[in-house]
Amino acid sequence: MAQDKKLVEEITSMNEDFTQWYTDVIKKADLVDYSSVRGCMIIRPYGYAIWENIQKGLDSRFKETGHENVYMPMFIPEGLLQKEKDHVEGFAPEVAWVTHGGSEQLAERLCVRPTSETLFCDHYANVIHSWRDLPKLYNQWCSVVRWEKTTRPFLRTTEFLWQEGHTAHATAEQAQEETIRMLNVYAEFCENMLAIPVIKGQKTQKEKFAGAESTYTIEALMHNGLALQSGTSHNFGDGFAKAFDIQYTDKSNQLQYVHQTSWGMSTRIIGGIIMVHGDNSGLVLPPRIAPVQVIVIPVSQHKEGVLEKASEICDRLSDIVRVKMDDSDKSPGWKFSEYEMKGVPVRLEIGPKDIEKGQVVLVRRDNGEKIFISIDEIETKVPELLNSIHDNLLRKATALRDEKTYTTVDFADFEKIVSQTPGFIKAMWCGELACEEAIKEKTGATSRCMPFDEEAVSDKCICCGKEAKHLVYWGKAY
RNA sequence: CGGGGUGUAGCGCAGUUGGUAGCGCGCUUGGUUUGGGACCAAGAUGCCGCAGGUUCAAGUCCUGUCACUCCGACCA
C-alpha cells in the first residue's frame with residue numbers, strides 16, 4: 001500500500017492544515033475529550049495509558065539517580081508565593097486564587113500551585129539543618145494550574161500533569177551537576193523511549209525560568225517546523241535559599257545556604273510525540289510507550305479455529321509485549337483503520353489462509369510494510385520488529401529535524417527562513433537582550449537555546465553585526 | 001487580552017419569506033457478511049447553548065449572555 005495514500009478520511013492532511021490535523025488526530029485516536037471546564041482537557045484511557053508509560057519510564061530513571069517521591073499541597077498561601085521576587089513576578093499573571101472556604105472568605109488567599117518551588121523551599125527550610133541532611137533529592141508527580149489565555153490539548157492547558165524534581169545541595173558545583181544530570185536523563189528518555197531527538201542547551205537570560213540562575217532545555221522540532229520545549233532543568237543557585245532562609249551547618253560549623261535545582265517534564269510531551277511521529281493516517285506511537293504494541297486482528301473470525309488460534313497467539317505474546325486482540329464484529333478493514341489512527345506500532349493479522357500456512361501477517365505502522373512470519377517465530381520476531389520500528393522512527397525524526405535545521409549569517413536570509421520554511425535556525429548572537437527582542441519583533445522567532453555543542457558559524461551577531469558571543473538555535477515555538 | 005467562526009439527536013450537519021424539526025454517520029434488535037472503514041430490514045434518540053424581547057406563532061427576527069474553536073500578543 002502506497003505510504004502517502006490517506007487511509008482515513010476523517011483526518012485532515014498535515015500539509016493542508018497542520019493545526020486541524022493535530023486536533024483530528026487527538027480526537028480520532030481517543031486521546032482526549034474537551035471538558036466543560038474552560039481550557040481543561042479530559043485525558044481518556046488511551047491517552048492516559050501513554051502518560052502512565054511515560055511516568056514509569058521517567059520515574060524509574062529518577063529512582064536510579066537517587067531521587068525520592070513526595071507530595072506537596074496543591075495550595076500555596078499568598079505570602080509564601082511572594083517570598084522570591086522574580087519568581088512571583090513570573091507567575092503572578094497566570095495564577096488561580098482560592099478566596100473562599102465554603103461561604104467564609106479566607107484571611108489569606110490561597111494560590112492553586114502553578115509550580116511548587118515555594119512549597120519545597122518552605123519545607124526544606126524546616127528539614128535541612130546539617131550537611132548530613134544533604135543532598136535532598138525530591139520529586140513529585142502532580143498537576144499544576146496556570147491560567148492560560150490560549151489553550152490546546154496537551155500543548156497548553158489550564159491544568160496539566162507533570163513531575164517536578166526539587167533538589168537541595170551543599171555546593172554550587174553539586175547543584176550544577178544535578179541540573180545537567182537531569183537534563184541528560186530527559187534527553188536520553190526522549191531518544192530511547194519516545195524516539196524524539198532533542199537539542200540540549202541553555203536558555204538565554206530572557207527565556208530562563210522565573211527565579212532561576214540558569215535554565216537548561218531540551219528542544220524538539222515538530223513536523224511543521226515549530227520548536228517544542230520538551231523538558232527543562234534549572235539551577236537556582238542560592239537565590240531561593242536566601243529568600244526562604246534554607247541554611248545548614250557545614251563540616252567546619254559554618255552556616256551555609258543550600259544550592260537548589262528543579263526540573264520538569266509534562267503531558268505536553270505527548271503533544272510532541274503526536275507532532276513528531278504522526279502522519280496523515282493519524283497517530284504513530286513509539287513502541288516503548290505505546291499502550292498497545294501489537295493489535296491482533298482475526299480475519300474471518302467466524303470460521304472454525306480462527307478465534308482460537310488468534311487467542312493462542314495473543315496469550316503467547318502477552319508475556320513479552322503489550323498485546324490486545326480485537327474480536328469485535330466490526331469488519332477487518334474497519335479495524336485496520338481504527339488501529340492505524342490510534343498509532344498501534346504493529347498489526348498482526350491471522351486468518352484461515354495464514355492458519356493453513358502456519359503463518360501470521362505483521363504490518364508496521366511506521367512504514368506500512370507487510371511481513372509474513374511463521375507462527376513459531378512470533379516470540380523472537382515481534383520484539384525485534386518493535387525495536388526496529390523504534391530505530392526507524394528515531395532515524396526519520398532525526399532526518400526531518402536535520403532537514404529543517406538551517407544555518408545563516410544573513411538577517412534577510414534569517415527572516416526568509418522563518419517565514420517560508422520554519423525550523424531551527426542556527427545563527428550567532430552578541431548576547432544582548434535588545435537583539436533577542438529585535439529578532440522576535442521582526443521575525444517571530446525566539447531563541448530556543450544556546451546548544452552545548454557550540455560552533456562558531458560567524459564572528460558577528462546576526463542582528464547587530466557586533467562581536468558574537470554564542471551560537472543560538474532560533475525558531476518559532478509552541 | 002484583541003480579531004474571526006460555531007452552538008439543532010451521541011458525532012457531523014441541513015432547516016427557504018417566522019407556521020411547531022430533518023439528513024448522514026453512529027447506537028439497538030434480527031439476519032447475511034468478513035484479507036483495507038460490508039449489506040438488508042426494523043427500531044430508539046431533541047429544553048434547537050442559555051436568558052430576555054418582538055409576534056397569534058420563534059430553530060428562524062432583535063438584545064444580552066455563556067461555552068467551544070481558530071488566528072494573533074504572553075507562557076511548560
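Note that this is a predicted model, so its numbers are computed, not measured.
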Inter-nucleotide [atom1] distance ([N], [M]), Å rounded:
N       : M       : atom1 : result
rU34(B) : rG49(B) : P     : 45 Å
rA9(B)  : rC27(B) : C1'   : 11 Å
rA73(B) : rC1(B)  : C1'   : 8 Å
rC66(B) : rU54(B) : C1'   : 23 Å
rU60(B) : rU20(B) : C1'   : 12 Å
rG24(B) : rG43(B) : P     : 14 Å
rC71(B) : rC25(B) : P     : 31 Å

Under 4.0 Å, heavy atoms only, any strand: does [X] hit a base, just the sugar-phosphate, or nothing?
X         : answer
Ser300(A) : sugar-phosphate
Val361(A) : base
Thr157(A) : base
Glu94(A)  : sugar-phosphate
Gln229(A) : sugar-phosphate
Phe160(A) : base

Protein N or O to nucleotides 7-13 of chain B N or O, pairs below 3.5 Å:
none

ring-ring contact (aromatic ring centres under 6.0 Å, His included) against [X], all qualifying residues, sequence neighbours excluded:
X         : value
Phe209(A) : His87(A), Phe91(A), His234(A), Phe236(A)
Tyr22(A)  : none
Trp97(A)  : none
Tyr138(A) : Tyr124(A)

- Query: Do the side chain of Arg347(A) and the base of rG35(B) come within less than 3.5 angstrom through a donor-acceptor pair of N or O atoms?
  - Reply: no
- So, are Glu340(A) and Arg347(A) salt-bridged, with charged N and O less than 4.0 Å apart? yes
- Between Glu219(A) and Lys203(A), is there a salt bridge with N-O shorter than 4.0 Å? yes
- Item | Main-chain N/O of Pro73(A) paired with Arg113(A) side-chain donor or acceptor, under 3.5 Å | yes
- Sub-3.5 Å donor-acceptor pair from the side chain of Glu84(A) to the main-chain atoms of Asp86(A), do we have one? yes
- Tell me whether His302(A) is stacked on the nucleobase of rU34(B), counting only the six-membered base ring and applying the 5.5 Å and 30° thresholds. yes
- Item | Distance under 6.0 Å and angle within 45° of ring axis: Arg61(A) vs Trp263(A) | no
- Item | Any pair counted as salt bridge (charged side-chain N to carboxylate O under 4.0 Å, His left out), so long as it reaches residues 288-304 of chain A, sequence neighbours left out | none
- Item | Identified side chain to side chain contact (heavy atoms under 4.5 Å, CB included) counterpart of Val284(A) within the set Ile273(A), Asp279(A), Val25(A) | Asp279(A)
- Item | Validation row, ring centre Tyr473(A) to ring centre Trp429(A) under 6.0 Å | no
- Does the separation of the ring centres of Phe336(A) and Trp334(A) fall below 6.0 angstrom? no
- Note on the structure: In terms of heavy-atom contacts, Leu285(A) and Pro291(A) come closest through CD1-CD, 3.7 Å
- Task: Not counting sequence neighbours, which residues clear side-chain contact (heavy atoms from CB on, under 4.5 Å) with Val98(A)? List them please.
- Result: Phe75(A), Leu106(A), Leu110(A), Val112(A)
- Tell me, please, which residues at least two apart from Thr443(A) pass side-chain contact (heavy atoms from CB on, under 4.5 Å). Phe411(A), Phe414(A), Glu415(A), Val418(A), Ile439(A), Ala445(A)
N/O to N/O distances under 3.5 Å, protein versus nucleotides 38-43 of chain B:
unit_1	atom_1	unit_2	atom_2	d
rA38(B)	OP1	Ser331(A)	OG	3.1
rA38(B)	OP2	Ser331(A)	OG	2.5

- Task: Toss me the dot-bracket line for RNA chain B: Watson-Crick and G-U wobble, both under 3.5 Å, 5' to 3', using | for pairs to another strand and [ ] for crossers.
- Result: (((((((..((((.....[..)))).((((((.....)))))).....(((((..]....))))))))))))....
- Task: By nearest nucleotide on RNA chain B, pick out whichever of Gln301(A) and Glu159(A) is the more 5' one.
- Result: Gln301(A)
- Query: In residues 350-359 of chain A, which ones come under 4.0 Å of RNA chain B, going by heavy atoms?
  - Reply: Gly351(A), Pro352(A), Lys353(A), Asp354(A)
Rounded off to whole Å, could you give me the [atom1]-to-[atom2] distance for the [X] and [N] pair?
X         : N       : atom1 : atom2 : answer
Ile297(A) : rG37(B) : CD1   : P     : 13 Å
Glu338(A) : rG26(B) : CD    : P     : 13 Å
Ile295(A) : rG37(B) : CD1   : C1'   : 15 Å
Lys335(A) : rG35(B) : NZ    : C1'   : 12 Å
Tyr216(A) : rA76(B) : OH    : P     : 17 Å
Lys28(A)  : rG26(B) : NZ    : C1'   : 10 Å

- Note on the structure: Ranking rG37(B), rG36(B), rA76(B) by distance to the side chain of Phe336(A), first place goes to rG36(B)
Between protein and nucleotides 66-73 of chain B, what N or O pairs are separated by less than 3.5 Å?
unit_1	atom_1	unit_2	atom_2	d
rC68(B)	OP1	Arg38(A)	N	3.0
rC71(B)	OP1	Thr19(A)	OG1	2.7
rG72(B)	O6	Thr150(A)	OG1	3.1
rA73(B)	N6	Thr150(A)	OG1	2.8

